[in-house]
Amino acid sequence: MKQMIPFLIALICLILVILEGTLASLSLPFVKSDWMIVSHFAFVFLIYVTIFFEKDYTYYAIALSVIVSLIIDVVYTDVIGVYIFAYTFTLYVIRVLMKVLQANVIIAMLMTLLGVSAVDMVVSFLYQILQIHQAGWDFYWVNRLVPTVIWNLLIGLLLYVIFAKRLSKWSTIKFDRAD
Amino acid sequence: MFDKKRRLFIIMISLIIIVGLIGFTLRDRANLTMVEDFVHDSVGWVQEIVNKPIAFTTGIVNNIKEVRNVYRENQVLKSNLEELRQLKYSNQELTQELEELQEILDKTESDFLQNFDTIQASVTARSKDQWFKQVTINKGTQDGVQPNMAVITGSGMIGKVQTSSPFTSTVLLLNGFDRSNRISVNVDLSDSDNDISGFIVGYDEERELLVLEMNESNSDVEEGQVVFSSGLGGMFPKGLEIGEIKEVQADRYELTTMAYVKPSADLNDLNHVIVIDRAVIPVDAEQEGEESS
């Protein structure tokens, strides 16, 4: 069990990445057509891994974020590197922040809000530099940033309910229990 | 002290690697590296398993929605069936006539759609980042899909194959096209024999319509006319329906006419697509060459 936990977390991440692609191909009924909703499920999950699972001396979330974002870059985009940078950098900042913050539901939601908006802004900014898109800031924050953040907060709440307790339990099993 | 230095070193190295990766992948590439092929295929494989229950549920929901309209639809379909029978008959006649005429002219090559192999595929995923207008389909080079093949649905063209791995491929949708991969098209004029030619040069994000640039200034272009691919340029076969003209205007210097085209196929809701294999043509040409030599 002890050795299996990181692999279990990795498996959950992989499934979340795949769900991101599947959900994008479905047309959700309550969504306006010019909204661009980007799912960052795996990233939100990795935030919770950072908050509830990670110890000071381990780097599971960072390592997983490199793998997960590499998959996202290869499968869903043309340019490899943008998501790797955005995900890993933001997770690192959250990790540093969590050294001084407590792990509870408000902090977790706040981190989801800040993390998702930071990731999405970094991604869009980099794609603008690379001339993947030419949308201006006004267009971007109305049509993409706000819907994306709201959508990911809802999913984040769901993931929190499912995984927060479990992740801290896994953390004690993995690091604290002596056997 | 040492730890801090090492951390900085690692960060610098990874930044350099990331910038290198971005630079490497930003070029126009038709062929993927082996690693990318592997990731595409293994993710695609898992994706199909994950999609099964989801497709099942959405299927049930759609079925319930459809049951309500079944009676009305049935009436319409019955009346269509009559027309279809007539159409089939005239189609047979026309095909026969065409063949006879072709024989007379000694013309064996034809650019018609019927002469192409088709590959059926289903859409397994869409790019989660919507700046990229691309979807993943579950057929790859093993099934004969190659980069730059046209992809259509029943209602019209949706895009072209961008990259293909052994078991999955990525399709670039029409609204992701730009000047580097434009489509040569004809506008179908109902009251004249000549078609007007032009290029689809891109996609207008605000209007959500394709931008069509005519080769010359032409006043015959009107709303409601249908745009077809012309087969020139060699990339796409002739006669694929692309869309309907919604808006016409002169360009900035009034040298050419610009029109905005609404794609016939719904690019936001894709399930089953058809990849059109152009590779049939060179084989025919080869045979012909052998026969004549």
Residue selection (most heavy-atom pairs with chain A, distance under 4.5 Å) from B:Ile17, B:Leu21, B:Ile22: B:Ile22

Among B:Lys128, B:Arg126, B:Gln130, which residue has the highest count of heavy-atom pairs closer than 4.5 Å to chain A?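 Of the options given, most contacts go to B:Lys128.
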
Which bit of B:Glu36 is near chain A, if near means a heavy-atom gap under 4.5 Å: side chain, backbone, both or neither?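 Both parts, heavy atoms under 4.5 Å.
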
Could you tell me which portion of B:Val43 (side chain, backbone, both or neither) has an atom closer than 4.5 angstrom to a non-hydrogen atom of chain A?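 Looking at B:Val43, backbone and side chain both touch chain A.
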
Quick check on [X] against chain B: is it the side chain, the backbone, both or neither that has a heavy atom closer than 4.5 Å?
X        : answer
A:Ser124 : both
A:Phe41  : neither
A:Phe85  : both
A:Ile72  : side chain
A:Thr22  : both
A:Val123 : side chain
A:Tyr92  : side chain

Check the pair B:Ser264 / B:Ser155 against side-chain hydrogen bond (donor to acceptor under 3.5 Å, both in side chains), numbers first and verdict last. CA-CA 6 Å; B:Ser264 326; B:Ser155 43; over 6 Å; no

With no hydrogens and no angle check, do the side chains of A:Glu54 and A:Thr58 hold a donor and an acceptor under 3.5 Å apart?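 Side-chain D/A pair, A:Glu54 to A:Thr58: present.
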
B:Lys133 and B:Asn175 side chains, donor-acceptor separation under 3.5 Å: no

Between [options], which shows the greatest number of heavy-atom pairs under 4.5 Å with chain B?
options                             : answer
A:Leu19, A:Val66, A:Asp73, A:Leu130 : A:Leu130
A:Ile71, A:Leu14, A:Val79           : A:Val79
A:Ile80, A:Val75, A:Thr88, A:Val38  : A:Ile80
A:Ile132, A:Ile84, A:Thr77, A:Ile15 : A:Thr77

Given the rule in the side-chain hydrogen bond (donor to acceptor under 3.5 Å, both in side chains) test, do B:Thr170 and B:Thr163 qualify, once you have shown the distances and angles that lead to the verdict? CA-CA 5 Å; B:Thr170 314; B:Thr163 55; 3.2 Å; yes

Are A:Tyr48 and A:Phe53 close enough that their ring centers fall under 6.0 Å?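 Here the rings of A:Phe53 and A:Tyr48 have centres that are no less than 6.0 Å from each other.
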
Check for me whether the distance between the ring centres of A:Tyr76 and B:Phe132 falls short of 6.0 Å. no

Does A:Gln102 CD have over 12 foreign heavy atoms under 6.0 Å away? no

Just say parallel, tilted or perpendicular for the rings of A:Tyr83 and A:His40, cut-offs at 30° and 60°. tilted

Specify the closest pair of heavy atoms between A:Ile94 and A:Gly115, including all atoms of both residues, with the distance to one decimal.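 For A:Ile94 versus A:Gly115, the nearest heavy atoms are CD1-CA, 4.2 Å.
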
Of A:Phe175, A:Tyr160, A:Phe163, which meets ring pair (Phe, Tyr, Trp, His ring centres under 6.0 Å) against A:Phe52?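 Passing option: A:Tyr160.
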
